[in-house]
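Reckoned from all heavy atoms, side chains included, excluding hydrogens, waters and symmetry mates. Please read these numbers as outputs of a predicted model, since none were measured by experiment. Order of listing sets the numbers, starting from 1, for every ligand and every atom in it.
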Amino acid sequence: MYNYGIDIWADENFIIEEGLLKINHAAKPSLISMVKDIREQDYKGPLLFRFPHLTLKQIDKLYTLYDNAIEEYEYKGKFNAVFPLKVNQLPNFLRPLINSGKKYGYGLEAGSKAELFIAMTFNKIGSPITVNGFKDKEMIHLAFIAHKMGHNITIIIEGLNELEMILELEKKTQLPTPNLGLRVRLFNQGSGSWAKSGGIDSKFGLSSTEIIEAFEMLKKNNLVYILTMIHFHIGSSMSTIKPLKNALKESGHIYAELKNLGANNLSAINIGGGLAVEYSQFKRTTQYDLQEFANDVIFTLKNIAKQKGVEEPHIFTESGRFISASSTVLITPVLELFSAEYDENQLKLKELNPPLIEELRDLYDDISSKTALEFMHDSIDHLESLLKLFDLGYIDLKDRSNAEILANLIIKKAISLLEVDDYEELKRIDNKIQEKYLLNFSIFQSLPDYWGIQQEFPVMPITHLDKKPTRSASLWDITCDSDGEMEFNPEKPLYLHDVDLNKEEYYLGFFNVGAYQDILGMRHNLFSHPTEINVVFENKEVKLEKILESQKIIDILEDIDYDTSEIKTVLKNSLDNDTYKILNKYLHENSYLKTAWS
Ligand SMILES: *Cc1c(COP(=O)(O)O)cnc(C)c1O
């Protein structure tokens, strides 16, 4: 049975049973049962389900991998991890993550002042905080204050000017100085989509000359003791392990050299993030095994420490995508199948029809599994000729409507007659015969990386999985933007079911959307975030909590700085009271489309 590549991307988090997609956890509830539960509470539009148990699973996995490797190689350093806040700062995601990480001392990484405020407030005292990104004096002052609060915080500098600010604050304030890390600009570049985070021409980090200079500055100010960490980040979604190994060697030697120069408290290498997530539904794109990855890190650092006669460094990682992507699933209702308007009942055939229409009729009546393919192609040809005849004024609007209906009916019938086993046939068929599925969501809001960088996300229906999907599908969102479309791609074909939405519901799930999408999403056409739900399991029972409804129209307008009382006054003054009441109700609903069940 067609399984939408679930064995490739789902990491056994989801299973197909009885035609339904289910959570492979506790009592294995189906996604559709949760959707129905939420609908009954009258939340319309797209839904964003968050699964804290999947975040916990990733955190457990990360620590287990490194603990295994440390044990295997009898490594002396300790493993530490922080979650990079830029990947997902939303409280419904973050607070369960912080809870799950407590037992490990899992910390947070901040890349801006706002993120640092989140870290200072919610991070468990004692768990590490690292601070990256470009900084000003205020941001560094914040880090001093966090340190005073008792946080184990390390300021990782991107340039010498940041060190100058630290030295200045150290003199000016009475506050104790937090730990210092140096982000190094490596010669070895990363791989994957975001490789420009590393490399000699990277936007970030200190060159070797600057590293030496930083060390001299620390010495001059008697502050060598604050230097504790070397940091690099070679980019997101590493597809192979080799660039990381090279970067590890390079940074490992920098660590050892600095130690031998007298950096006595230098004790850690922070290897950044970059662990990949499998987004493909067709072929594995991640070419390393996670245990192999952790083993390589430990083994490489152990060797360098031995070679240069220094202590084995503690290890920090900042993987974000790996921790967060799988925990969030977007569910979008299908509003419409484009071909649904072509119904036999709507045919308005005349006494005397143009010959090509008569031929379409015959094709429709006579089609069989043997002739399906041939008749389908004939019908497409006929339709094209008839449309040309219409442009030339030889047939009328009724004829044209009949032609469109008949051609679409033939295509539908042909597809159901074809014995599509391996879908090669469907793939070969003209891309004119795809079905268009209109989805109640905005790609710009919910899958911005699809729009911006063509990032693919696994997609599949959450029901009907015991039936053969027969339509090659293109997906349309409800924005008025032609970019709001996911075209059918014969290289990575998506097949969906032929459903009658008057009789049954049909929802598509998009998976692995927990990293970056939440905060990158934009309000194009003024669609705001979907309704969010946290799915937690208590004594194996599923509970839907922390429901955060999609924003009301009035609040969206206020967010973009309209004076909402002006809007209300203008509308109120130009309408009678009863009409205004209706408008006011609409203003307090979200902007996604409403149908009986969407
Ligand atoms: C973005 C970023 C990360 C997280 O990268 P992922 O690919 O999501 O793991 C880690 N460290 C730094 C410095 C970053 O900028």
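Heavy-atom proximity to H231, at under 4.0 Å, picks out these atoms of ligand 1: 13 (C). Near R321, meaning under 4.0 Å from any of its heavy atoms, are these atoms of ligand 1: 6 (P), 8 (O), 9 (O). Listed by atom number, the atoms of ligand 1 under 4.0 Å from G320 heavy atoms are 6 (P), 8 (O), 9 (O). Under a 4.0 Å criterion applied to the non-hydrogen atoms of V87, ligand 1 contributes the atoms 8 (O). Close approach of ligand 1 to K86 (heavy-atom distance below 4.0 Å) involves ligand atoms 1 (C), 2 (C), 3 (C), 14 (C), 15 (O). Counting atoms of ligand 1 from 1 in the listed order, those under 4.0 Å from a heavy atom of E318 are 3 (C), 4 (C), 9 (O), 10 (C), 11 (N), 12 (C), 13 (C).
The pair R50-E532 counts as a salt bridge, with a side-chain nitrogen and a carboxylate oxygen less than 4.0 angstrom apart.
Dense packing is recorded around CH2 of W9, with more than 12 heavy atoms of other residues, nucleotides or ligands lying under 6.0 Å away.
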Could you go through residues 216-223 and list every donor-acceptor pair under 3.5 Å that involves a side-chain atom there, pairing it with any protein atom two or more places apart or in another chain?
| from | atom 1 | to | atom 2 | distance (Å) |
| --- | --- | --- | --- | --- |
| N221 | OD1 | K171 | NZ | 3.0 |
| N221 | ND2 | M217 | O | 2.8 |

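Looking only at heavy atoms of the protein, atom 7 (O) of ligand 1 is closest to S236 OG, 2.4 Å. Of the protein's non-hydrogen atoms, Y516 OH, 2.7 Å is the one closest to atom 8 (O) of ligand 1.
Between the side chains of T130 and E318, at least one donor N or O sits under 3.5 Å from an acceptor N or O.
Under the 3.5 Å distance criterion, the side-chain polar atoms of Q445 are matched with a main-chain donor or acceptor of F527.
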Q: Go through the steps to decide whether K302 and E74 satisfy the test salt bridge (charged side-chain N to carboxylate O under 4.0 Å, His left out), and finish with yes or no.
A: CA-CA 9 Å; K302 189 173 177 85; E74 293 175 3; 6.0 Å; no
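Residue contact check for ligand 1: S319 places a non-hydrogen atom closer than 4.0 Å to it.
Shown here are the side-chain hydrogen bond (donor to acceptor under 3.5 Å, both in side chains) partners of D481, two or more places apart in sequence or in another chain: H524.
Of the N or O atoms in G274, one or more lie within a sub-3.5 Å distance of an N or O in ligand 1. Ligand 1 has no nitrogen or oxygen under 3.5 angstrom from a nitrogen or oxygen of R183.
Inter-residue side-chain proximity for P530 and L330 is flagged as met; some heavy-atom pair is nearer than 4.5 Å.
Neither the backbone nor the side chain of F322 has a heavy atom within less than 4.0 Å of ligand 1.
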